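The structure appears right after this line, and notes come after that.
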Amino acid sequence: MVVFNTLSRVKEVFVPLNSPFVGMYVCGPTVYGDAHLGHARAAITFDLIFRYLKHLDYKVRYVRNITDVGHLENDADEGEDKIGLKARLESLEPMEVVQYYTVRYHRNMDQLNVLRPSIEPHASGHIIEQIEMIKKILDAGYAYEVNGSIYFDVEKYNRKHHYGILSGRKIEDLISNTRELAGQAEKRNGFDFAIWKRADESHIMRWPSPWSDGFPGWHMECSAMGCKYLGEQFDIHGGGMDLLFPHHESEIAQSMVANGKAPVRYWLHNNMITLNGQKMGKSLGNAMSLDDIFNGNHPLLEKAYSPMTIRFFILQAQYRSTLDFSNEALQAADKGMKKLFAAMEKLKQLKTDSNAPSLGIHEIEKACYDAMNDDFNSPMVIAGLFEAVRVINSQKAAEGSIQPAEFDVLNNLLQNFVIDILGLKSEEVAGDHELVDGLMQTIIQLRQEARGRKDYATSDLIRIKLGELHIDLKDGKEGTNWQKR
RNA sequence: GGUUUCGUGGCCGAGUGGUUAGGCAGCGGUCUGCAAAACCGUGUACAGCGGUUCGAAUCCGCUCGAAACCUCCA
């Protein structure tokens with residue numbers, strides 16, 4: 001298996017530090033607003049990786065943090081904490097905001113069938129670990145204190161190491177390009193970053209420390225919690241490409257100084273979802289919340305799209321490519337996914353015969369594994385699955401049969417890839433499946449009798465009325481099937 | 001300005017030095033009371049211009065265009 005490592009910018013063979021154990025850390029959400037499509041992409045990308053590694057029998061510890069402190073709202077490390085700001089605006093206790101949006105985030109992720117990580121640590125629950133790490137950085141001489149705040153000395157760090165190793169930046173460029181911003185007086189250099197920040201009187205999220213009552217800098221939490229749960233060095237660190245610099249770059253610098261070694265072997269970054277070619281982002285005001293999409297409540301949406309449609313849509317692109325949002329693309333994904341699930345149902349009806357000719361199922365299976373082993377190429381997996389769909393449908397249409405051994409391979413292939421690895425699930429019927437199906441069979445039978453009498457007015461009426469309830473009837477050679485649209 | 005990417009047929013989106021990605025839409029046919037589904041068939045696609053090569057959409061150079069990051073962001 002090869003993975004694209006942002007650090008080297010090439011695909012590298014994936015070798016865990018302590019096989020069969022794999023440690024994976026992924027930057028989770030800052031819980032101060034509803035999750036949007038971008039959150040879905042990051043979560044689904046690393047859910048895919050988590051699921052596939054487990055499928056390969058790796059023992060994965062997957063840590064995804066909840067950022068509930070230390071994220072500064074404005075420029076230059078001088079702003080207000082994001083959670084604190086929201087809390088003041090809504091007259092809530094900060095932890096109330098955190099709880100509210102964490103619950104909503106979890107609900108959205110459940111809807112998307114994203115597995116919960118092994119550990120989901122909160123930054124606010126690891127202030128002590130962060131303070132300890134800051135002490136190490138201070139002791140090593142790579143940070144300095146000004147008025148109770150501690151800043152990381154990037155310039156000094158860069159003399160021995162390379163600040164920019166991940167993002168490909170050079171410190172000279174940073175010097176010449178760092179914007180002149182107000183309130184940077186405390187820093188020796190504009191690109192130094194706060195690792196502890198003194199809180200002024202108005203700041204309601206604060207903890208005691210040896211230096212001041214304050215709060216940790218944003219980059220500290222991931223360094224501290226990654227180290228705590230996965231060790232000083234672990235296999236995979238993931239997140240959105242927009243976190244590459246300065247967040248991940250700074251994480252590396254902090255850990256290098258505190259632990260004396262690079263924290264991460266493989267850095268994986270998912271690309272952005274775009275809207276009209278532009279990044280969909282909270283700060284750009286063009287982000288669609290997942291609830292909006294699931295409910296169809298957005299001026300740009302022609303209709304509501306189900307969580308599984310969104311999941312399939314995201315998996316149809318490779319995680320390192322930008323993915324362009326459009327109604328047309330979403331509707332195409334919706335139709336394609338339904339076709340896939342319909343074929344999986346049809347497979348059950350396929351006749352087996354040990355004398356049947358081979359249908360090349362093993363080749364399809366191999367193609368799916370090859371695709372996943374090549375940097376988690378889910379679109380190629382899906383292409384392979386549609387090969388399987390074509391085989392199933394054409395055999396069904398020709399009333400052909402399949403070798404029992406190939407049937408098993410095909411069945412396992414679909415189960416493994418569609419359900420377990422891609423994490424898709426059929427959304428056909430919610431609720432009382434048996435009751436609904438029983439009712440439908442009765443209706444279908446009555447309609448069948450009408451058709452037998454050539455009473456097409458009645459049979460069409462039944463189909464039209466069911467259509468209004470988003471139920472499609474499909475007459476085939478062996479009777480009528482129904483499907484929820 | 002710097003860093004990093006990208007530009008594929010109507011749409012989304014893989015891939016790659018020589019053989020059909022795939023999905024959706026379209027067109028023709030089969031099937032059907034009709035419809036839908038399904039099946040079969042169907043597309044002079046790789047921004048432009050040069051270069052390397054027996055051969056490039058794939059490698060190199062230039063041009064044009066777009067994006068992300070350089071400030072919080074998945």
Side-chain angles (χ1 to χ4, degrees), chain A residues 6 9 26-30 32-33 35-46 71-77 79 82 164 167-170 172-174 176-179 181 191 218 238-247 249 269-274 277-284 287 312-313 316-318 320-340 342-343 346 367 371 374 377-387 389-390 392-398 451 454 456 459-460 463-464 467 472-477 480-481 483:
Chain A
T6 308
R9 297 186 191 283
V26 174
C27 290
T30 305
Y32 69 110
H36 56 75
L37 258 189
H39 293 102
R41 187 167 202 196
I44 288 169
T45 294
F46 292 101
H71 224 155
L72 296 160
E73 180 66 36
N74 298 317
D75 293 337
D77 292 351
K82 272 190 172 162
S167 55
R169 281 159 220 270
K170 298 188 199 75
E172 304 85 69
D173 300 331
L174 290 172
S176 58
N177 286 310
T178 301
R179 296 200 313 189
L181 295 163
F191 46 76
W218 172 36
M241 270 185 187
D242 47 356
L243 299 177
L244 221 151
F245 188 92
H247 184 52
E249 194 72 62
H269 290 94
N270 64 277
N271 214 319
M272 304 292 105
I273 288 183
T274 57
Q278 254 214 338
K279 173 184 170 181
M280 196 180 277
K282 212 168 173 55
S283 51
L284 295 166
F312 191 79
F313 168 68
Q316 267 190 313
Q318 211 271 350
R320 286 190 292 114
S321 302
T322 55
L323 171 59
D324 201 46
F325 170 92
S326 70
N327 281 284
E328 220 178 341
L330 245 27
Q331 279 160 31
D334 186 46
K335 282 202 166 188
M337 185 179 65
K338 287 193 167 131
K339 183 174 170 179
L340 178 60
K346 268 191 216 167
D374 185 9
N377 197 322
S378 52
M380 277 188 72
V381 170
I382 290 171
L385 293 173
F386 275 107
E387 273 299 298
V389 167
R390 190 184 53 74
I392 293 168
N393 284 335
S394 58
Q395 285 309 108
K396 189 77 175 62
R451 292 178 74 205
K454 295 203 192 294
Y456 295 124
S459 70
D460 286 351
R463 191 169 61 200
I464 289 163
D472 290 330
L473 293 183
K474 288 158 192 171
D475 299 326
K477 281 203 176 82
T480 302
N481 285 312
Q483 192 176 41

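As the structure is a computational prediction, the values presented were derived from the model and not from experiment. Chain letters run A, B, ... following the sequence lines, proteins first, then strands; residues in each count from 1.
When heavy atoms are screened at a 4.0 angstrom cut-off, A/Asn377 is found touching the sugar-phosphate backbone but no base atom. Residue A/His36 is in base contact, counting any heavy-atom pair closer than 4.0 Å across all strands shown. The residue A/Lys454 sits apart from the nucleic acid: no heavy atom pair falls under 4.0 Å. Using a 4.0 Å heavy-atom cutoff across all strands shown, A/Gly240 reaches sugar-phosphate atoms only and no base atom. Residue-level contact check: A/Asn481 touches neither bases nor backbone, having no heavy atom under 4.0 Å from any strand. At a threshold of 4.0 angstrom between heavy atoms, the contacts of A/Met241 with the nucleic acid are absent. Nucleic acid contact class of A/Leu244 (heavy atoms, under 4.0 Å, all strands): none. Residue A/Arg320 is classed as having no contact, given no heavy-atom separation below 4.0 Å to the nucleic acid. Among the atoms of the strands shown, base atoms are found under 4.0 Å from some heavy atom of A/Leu473. Looking at heavy-atom distances under 4.0 Å, A/Leu330 makes no contact with the nucleic acid at all. Within the nucleic acid shown, A/Ala383 comes within 4.0 Å of at least one base atom, counting heavy atoms only. Across all strands shown, A/Thr322 has heavy atoms under 4.0 Å from sugar-phosphate atoms exclusively, and none from any base.
Among B/rU5, B/rG2, B/rA38, the nucleotide with an atom closest to any side-chain atom of A/Ala397 is B/rA38. Closest to the side chain of A/Asp460, out of B/rA74, B/rC12, B/rG33, is B/rG33. Of the candidate nucleotides B/rC24, B/rA74, B/rC12, B/rC12 has the atom lying nearest to any side-chain atom of A/Ala329. Counting only heavy atoms from C-beta on, A/Lys474 has its side chain closest to B/rA37 among B/rA14, B/rA37, B/rC39. For A/Asp242, whose side chain is taken as the heavy atoms from C-beta onward, the closest listed nucleotide among B/rA14, B/rA74, B/rG2 is B/rA74. The side chain of A/Lys335 sits closest to B/rA25 out of B/rC12, B/rA25, B/rA38. Taking every side-chain heavy atom of A/Leu243 into account, B/rA74 is the closest of B/rC12, B/rU4, B/rA74. Side-chain atoms of A/Ile273 lie closest to B/rA74 of the nucleotides B/rA74, B/rA38, B/rC69.
The nearest heavy atom of RNA chain B to A/His39 and to A/Thr274 marks one nucleotide each, and the one closer to the 5' end goes with A/Thr274. Nearest-nucleotide assignment on RNA chain B puts the 5′-proximal partner with A/Gly168, out of A/Pro246 and A/Gly168.
Minimum interatomic distance between A/Gly164 and A/Glu249 (heavy atoms only, all atoms of both residues): N-OE2, 2.8 Å. Of all non-hydrogen atoms in A/His269 and A/Gly240, the two that sit nearest each other are CD2-O, 3.5 Å. Contact between A/Met280 and A/His36 at its shortest, heavy atoms only, is O-CE1, 4.4 Å. Across all their heavy atoms, A/Ile273 and A/Leu37 have their closest contact at CD1-O, 3.7 Å.
Between the side chain of A/Arg390 and the base of B/rC39 there is no donor-acceptor pair of N/O atoms closer than 3.5 Å. Contact of A/Arg463 with B/rA36 (side chain to base): no donor-acceptor pair of N or O atoms is detected under 3.5 Å. Side-chain atoms of A/Asp324 and base atoms of B/rC11 include no donor and acceptor less than 3.5 Å apart.
Across the C1' atoms, B/rG43 and B/rC11 are found 14 Å apart, a figure rounded to whole Å. One C1' atom belongs to B/rG10, the other to B/rG17, and the distance between them is 29 Å to the nearest Å. Separating the C1' atom of B/rA68 from that of B/rA74 is a span of 13 Å, rounded to the nearest Å. Separation of the P atoms belonging to B/rU30 and B/rU20 is 28 Å when rounded to the nearest angstrom. Rounded to whole Å, the separation between the P atoms of B/rU52 and B/rA56 comes to 11 Å. Between the C1' atoms of B/rA14 and B/rG9, the separation comes to 14 Å (whole Å). To the nearest whole angstrom, the two C1' atoms, one in B/rC62 and one in B/rC24, are 37 Å apart. A distance of about 16 Å separates the P atoms of B/rA38 and B/rG22, rounded to the whole Å.
An OP1 or OP2 oxygen of B/rA37 is reached within less than 4.0 angstrom by no side-chain nitrogen or oxygen of A/Asn393. Between A/Ser321 and B/rA14 there is a side-chain polar atom (N or O) within less than 4.0 angstrom of OP1 or OP2. Taking only side-chain nitrogens and oxygens, A/Lys346 never comes nearer than 4.0 Å to OP1 or OP2 of B/rA37. Dashed line: the shortest gap from a side-chain N or O of A/Lys339 to OP1 or OP2 of B/rC24 is under 4.0 Å.
Atom CG of A/Leu385 and atom NZ of A/Lys339 lie 12.5 Å apart (nearest 0.5 Å). The distance from atom CE of A/Met380 to atom CG of A/Asp374, rounded to the nearest 0.5 Å, is 7.5 Å.
Taking atom CG of residue A/Asn327 and atom C1' of nucleotide B/rG23, one finds them 17 Å apart after rounding to whole Å. Per the geometry, CG belonging to A/Asp472 stands 15 Å off C1' belonging to B/rC34, to the nearest Å. To the nearest angstrom, P of B/rG15 lies 7 Å from CG of A/Asp374. Nucleotide B/rA38 holds its P atom 15 Å from the CG atom of A/Asp475, rounded to whole Å. Remark: C1' of B/rC6 and CE of A/Met272 are 14 Å apart, rounded to the nearest angstrom.
A salt bridge between A/Arg463 and A/Asp472 is absent, with no side-chain N of the basic residue lying under 4.0 Å from a carboxylate O of the acidic one.
A/Asp334 places none of its side-chain heavy atoms less than 4.5 Å from the side chain of A/Phe312.
Relative to the six-membered ring of A/Tyr456, A/Arg451 misses at least one condition, a distance below 6.0 Å or an angle of at most 45° to the axis.
Both thresholds, 5.5 Å between centres and 30° between ring planes, are not jointly met by A/Phe386 relative to the base of B/rG23, so the two rings are not stacked.
In this structure, A/Asn271 contributes its side chain and A/Arg320 its backbone to a donor-acceptor pair below 3.5 Å. Side-chain atoms of A/Ser394 come within 3.5 Å of backbone N or O of A/Arg390 as a donor-acceptor pair.
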Read 5' to 3' with Watson-Crick or G-U pairs under 3.5 Å, [ ] for crossing pairs and | for partners on another strand, RNA chain B gives (((((((..(((.....[...))).(((((.......)))))....(((((..]....))))))))))))....
